[in-house]
Amino acid sequence: MSAYDAATIEARWQAAWEKAGTFKAEMSADKPKYYVLEMFPYPSGRIHMGHVRNYTMGDVIARYKLTTGHAVLHPMGFDAFGMPAENAAMKSGGHPKDWTYANINEMVAQMKPLGFGLDWSRMFATCDEEYYGQQQALFLDFLEQGLVYRKNAVVNWDPVDMTVLANEQVIDGKGWRSGAEVERRELTQWFFKISDMADELLTALDGLDDWPAKVRLMQQNWIGKSRGLQFSFERTDGGAPIEVYTTRPDTLMGASFVGLSPDHPIVKEMEGANPELAQVAAAMRKGGTTEEALEKAEKLGFDTGLKVKHPLNPDWELPVWIANFILMDYGTGAIFACPAHDQRDLDFCRKYDLPVIDTFFALDNPKPVETEAFVPARTDKVRWVNHFAGLDMATGQEAIDATIDFAEAQGWGKGKEQYRLRDWGLSRQRYWGCPIPVVYCDTCGVVPEKKENLPIALPYDNGNEEIDFSVPGNPLDRHPTWRNCACPSCGAPARRETDTMDTFVDSSWYYARFTAPRAETPTDMDAAKYWMNVDQYIGGIEHAILHLLYSRFFARGMIKTGHLPESAAEPFNALFTQGMVTHAIYQTKGDDGRPVYHYPEDVDLRDGSGFLSDGTEVEIVPSAKMSKSKNNVVDPLNIIRDFGADTARWFVLSDSPPERDVEWTASGAEAAFKHLTRVYRLATEAAGADTAANDQDEALLREMHKAIRDVTLGVESFGFNAAIAKLYAFTATIQKSKAGSEAKCTALKTLAQLMAPMTPHLSEEAWSILGGEGLIADAPWPQADKAMLVEASITMPIQINGKRRGEMSIAADASKADVEALALTHDVVVKALDGGQPKKLIVVPGRIINVVV
RNA sequence: GCCCGCGUGGUGGAAUGGUAGACACAGGGGACUUAAAAUCCCUAGGCAGGAAUGCCGUGCCGGUUCGAAUCCGGCCGCGGGUACCA
């Protein structure tokens with residue numbers, strides 16, 4: 001009998017699938033289709049266990065659906081534009097394109113041995129001219145439909161490197177390379193009008209029943225629909241009134257000051273005549289642009305000297321301050337502050353000695369606000385002490401509604417629905433992205449490129465005009481010739497747009513492209529109609545908001561521009577968000593005091609301590625997301641070399657629920673390998689045995705049908721770890737069973753089928769050993785026989801006052817009255833009642849009996 | 001700061017209002033073996049007890065319920081997102 005030789009087995013069956021075209025996606029008129037997609041990877045160069053886990057989950061679904069009679073589309077590609085390629089070019093020379101394609105080749109070579117049932121013929125990378133050329137065509141169609149426009153927006157500006165920085169390149173408000181304090185600077189940029197669809201994107205969330213509730217909630221909060229009041233404050237100097245938007249107009253009588261964003265037009269207007277104000281505003285514009293940075297920054301204010309009249313009392317004058325926490329992008333860039341009922345406003349007013357006016361109190365506690373703002377839930381009733389619409393006791397929401405009605409009736413304000421969602425700025429001042437296909441002409445202005453001129457390709461080693469990453473900034477902007485072109489409208493010399501697109505654009509429609517990856521238009525309608533939508537989308541929770549929201553927007557845009565059918569507005573029918581694979585970090589201290597990270601394979605673990613080969617002890621940081629920079633990455637190739645791909649696949653699914661993070665440990669991998677070896681051995685033993693049928697057969701087959709039921713449920717509900725636990729138990733049952741060899745072979749063939757989505761190579765081998773017909777990948781999924789699942793009697797636990805005190809066995813079809821009668825005769829119940837009557841008797845059929853005494 | 005999650009034995013975890021700890025790892029004991037490896041069997045939350053058994057126990061505090069890991073409120077810790085990382 002030969003041993004389990006994973007390497008040989010895996011190569012054999014991968015070749016067999018390839019030859020049979022098992023995973024080639026074909027449209028079929030007589031099969032239901034199933035489209036399963038995992039979020040495609042960034043080509044960092046090496047795959048890690050996180051990728052293995054993610055793609056194994058998708059593969060389990062894909063292979064399972066193939067055996068249930070579906071035409072399956074399961075493609076793979078690469079999200080290949082982005083900053084790391086440019087950073088690599090800056091650091092070690094070379095070209096982003098060469099770096100990226102080398103990485104892609106490397107990663108494909110690492111993924112193939114894992115035996116994923118992917119249709120590799122559909123593979124593409126977003127940096128392929130073929131792909132981004134079609135993306136440029138989409139952009140032009142979106143532009144024509146009014147879904148794209150230009151406006152000014154702020155970016156992180158490094159004043160030393162004279163370049164735009166990404167948020168992750170701003171560390172503590174300073175540029176990552178220059179160390180200079182970052183400034184906020186305005187540039188004219190391209191935007192997608194996602195805000196036009198805010199309401200649609202919000203209401204459609206209700207229909208996404210197979211998305212995690214947490215993702216829908218995050219998107220709902222992100223879109224942030226609110227109803228508030230818009231009105232203006234008259235200035236005492238007769239200047240243009242200050243328009244404000246507030247979601248708490250009911251607190252207007254508690255107004256303390258009017259606040260302007262440092263980027264507000266009034267501030268900019270005053271800067272010229274007021275050097276002190278200009279200096280303060282400039283200081284406030286320093287630091288990064290992220291919401292987090294703005295919210296966490298120390299609250300700073302400056303009195304402009306302007307005064308406005310309170311809309312309800314012309315004699316009441318409020319000062320106008322500039323405040324660094326007010327965003328120009330939200331509402332009107334101006335607010336009024338009510339410190340009594342907003343902690344941030346209160347902190348600001350205490351700091352600058354501005355008045356605090358209570359407008360309502362808790363019903364049972366009329367205490368004036370001192371250092372803590374009183375901010376009850378909007379549904380709580382409060383007592384109003386300072387209001388104008390005749391309110392006494394009312395909830396915050398009632399007061400808001402009443403205030404808006406009052407303001408509208410008097411004509412000084414208007415109720416308005418507002419969204420937190422901002423338009424999607426897509427311009428990036430970088431080389432390694434999809435060029436935005438527009439041209440600037442002195443005569444014609446901003447002109448879209450003609451479709452026949454697409455793709456507008458990135459320049460690459462064009463003679464002596466090579467792009468240059470040795471200096472910061474956008475190489476396209478510096479390129480001597482690339483930007484020179486003819487105006488598509490008048491033919492005169494003109495300049496190309498040198499900004500490229502946000503990489504989120506690339507990933508917002510790749511799912512549609514996979515349905516016809518070589519089409520000469522962005523999509524092929526017949527293919528899109530057949531394959532869309534994605535039936536199961538799988539990816540990280542970190543994409544809960546931006547990627548998924550942008551994809552939902554893009555699908556709608558593609559419908560509007562005729563690239564997708566109406567039915568594809570929500571492109572992902574079901575979403576599953578998987579957890580990360582983590583691993584301990586091993587570090588020592590370098591000479592400069594900074595941590596030095598060591599690879600797991602270089603660390604020898606003894607009694608919970610780790611040592612390098614020279615004996616140095618390392619510090620162990622328990623568990624962190626696998627990350628190249630921390631060297632805590634476990635290379636799946638090592639696992640495949642030692643144990644085989646099936647072991648790696650089995651383990652990443654076995655020990656942890658898919659939505660949660662999983663810690664990689666080699667001991668777990670060994671256990672998985674042991675199990676697969678056991679299954680292989682059982683199969684070879686059973687195939688060679690010849691024992692007669694006997695009275696143990698039925699018990700084994702009953703367990704088999706239970707396993708079919710449980711594993712099928714596990715696979716369909718992403719309960720892979722639970723399914724695997726059942727498979728361990730079923731394997732042990734087979735091993736211990738004294739059933740005849742025919743029954744054992746039947747059980748083992750079913751075991752091989754149930755394991756096949758997870759361990760496809762071993763399953764094919766076992767199937768073949770046991771005389772199964774054809775490929776297990778094509779064999780119909782086993783069906784549980786309901787008759788074999790019925791149990792004659794069940795065990796029910798008995799509780800006394802909610803605590804388990806005993807159990808009893810009873811016929812499975814016993815009536816509730818029978819159960820009650822039998823329970824009352826049980827020893828523990830008789831003892832607990834001590835001759836008395838039960839206070840209450842609860843019987844949950846099939847589950848539990850609780851006697852309250 | 002704000003939004004969204006998560007927290008259960010020595011470890012990964014199971015249990016979605018009904019027997020807390022399935023399954024697995026590490027540990028302990030045993031069988032087989034000249035020996036080892038491999039394999040198989042037993043054991044295993046804590047405390048007390050010879051045992052039967054009892055008490056405690058799902059981050060912490062409180063609540064709802066006949067019954068809470070699970071639902072509600074408050075707190076602590078960790079993770080994800082925060083619009084130019086992907």
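Numbers restart at 1 for each chain; the letters A, B, ... are given by sequence-line order, proteins then strands. Predicted model, so just to flag it, every value in this text is computed and none were measured.
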What I want to check is whether an N or O donor and acceptor connect the side chain of [X] with the base of [N] at under 3.5 Å.
X        : N     : answer
A:Gln429 : B:C84 : yes
A:Glu292 : B:G81 : no
A:Gln189 : B:C84 : yes
A:Asn850 : B:C66 : yes

For [N], take OP1 and OP2 only and decide whether either is under 4.0 Å from a side-chain N or O of [X].
X        : N     : result
A:Arg660 : B:A14 : yes
A:Lys726 : B:A24 : no
A:Gln735 : B:C40 : yes
A:Arg420 : B:U82 : no
A:Lys840 : B:C66 : yes
A:Thr290 : B:U82 : no
A:Arg422 : B:A83 : no

Per-pair distances, 0.1 Å, donor-acceptor, side chain in residues 713-735 of chain A, under 3.5 Å, sequence neighbours excluded:
residue, atom, partner, partner atom, Å
A:Glu716, OE2, A:Tyr64, OH, 2.5
A:Ser717, OG, A:Leu713, O, 2.8
A:Tyr728, OH, A:Trp650, NE1, 3.3
A:Thr731, OG1, A:Leu727, O, 2.6
A:Thr733, OG1, A:Ala729, O, 2.9

Base, sugar-phosphate alone, or nothing: which one does A:Lys803 contact when heavy atoms must sit under 4.0 Å apart?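 Counting heavy atoms under 4.0 Å across all strands, the contact made by A:Lys803 is with sugar-phosphate only.
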Look at all strands and tell whether A:Leu217 reaches a base, only sugar-phosphate, or nothing, counting heavy atoms closer than 4.0 Å.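 Since only primed, P, OP1 and OP2 atoms lie under 4.0 Å of A:Leu217, the category is sugar-phosphate.
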Which listed nucleotide (B:G7, B:U39, B:U19) is nearest to the side chain of A:Gln799?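 Nearest to the side-chain atoms of A:Gln799, counting from C-beta on, is B:U19.
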Quick check with a 6.0 Å cut-off and a 45 degree axis cone: is A:Arg420 positioned over the face of A:Trp222's six-membered ring?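 Yes; both conditions hold, so A:Arg420 lies above the ring face of A:Trp222.
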Euclidean distance, atom CZ of residue A:Arg344 to atom P of B:G1 [Å, nearest integer]: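 Atom CZ in A:Arg344 sits about 13 Å away from atom P in B:G1.
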Rounded to whole angstrom, note down the [atom1] distance from [N] over to [M].
N     : M     : atom1 : answer
B:G59 : B:C6  : C1'   : 11 Å
B:U53 : B:A37 : P     : 38 Å
B:A20 : B:G67 : P     : 14 Å
B:A69 : B:U8  : P     : 14 Å
B:U11 : B:C60 : P     : 15 Å

With a 4.0 Å cut-off, would you call A:Lys351 and A:Glu298 a salt bridge?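 The answer is yes: the pair qualifies as a salt bridge.
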A:Asn152 atom CG, neighbour heavy-atom count above 12 within 6.0 Å: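 More than 12 within 6.0 Å, yes.
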If you find the nucleotide of RNA chain B closest to A:Gly802 and the one closest to A:Arg430, which residue's nucleotide is nearer the 5' end?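 So the residue in question is A:Gly802.
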Set of residues satisfying ring pair (Phe, Tyr, Trp, His ring centres under 6.0 Å) with respect to A:Tyr132, sequence neighbours excluded: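 Ring pair (Phe, Tyr, Trp, His ring centres under 6.0 Å) check on A:Tyr132 returns A:Phe81.
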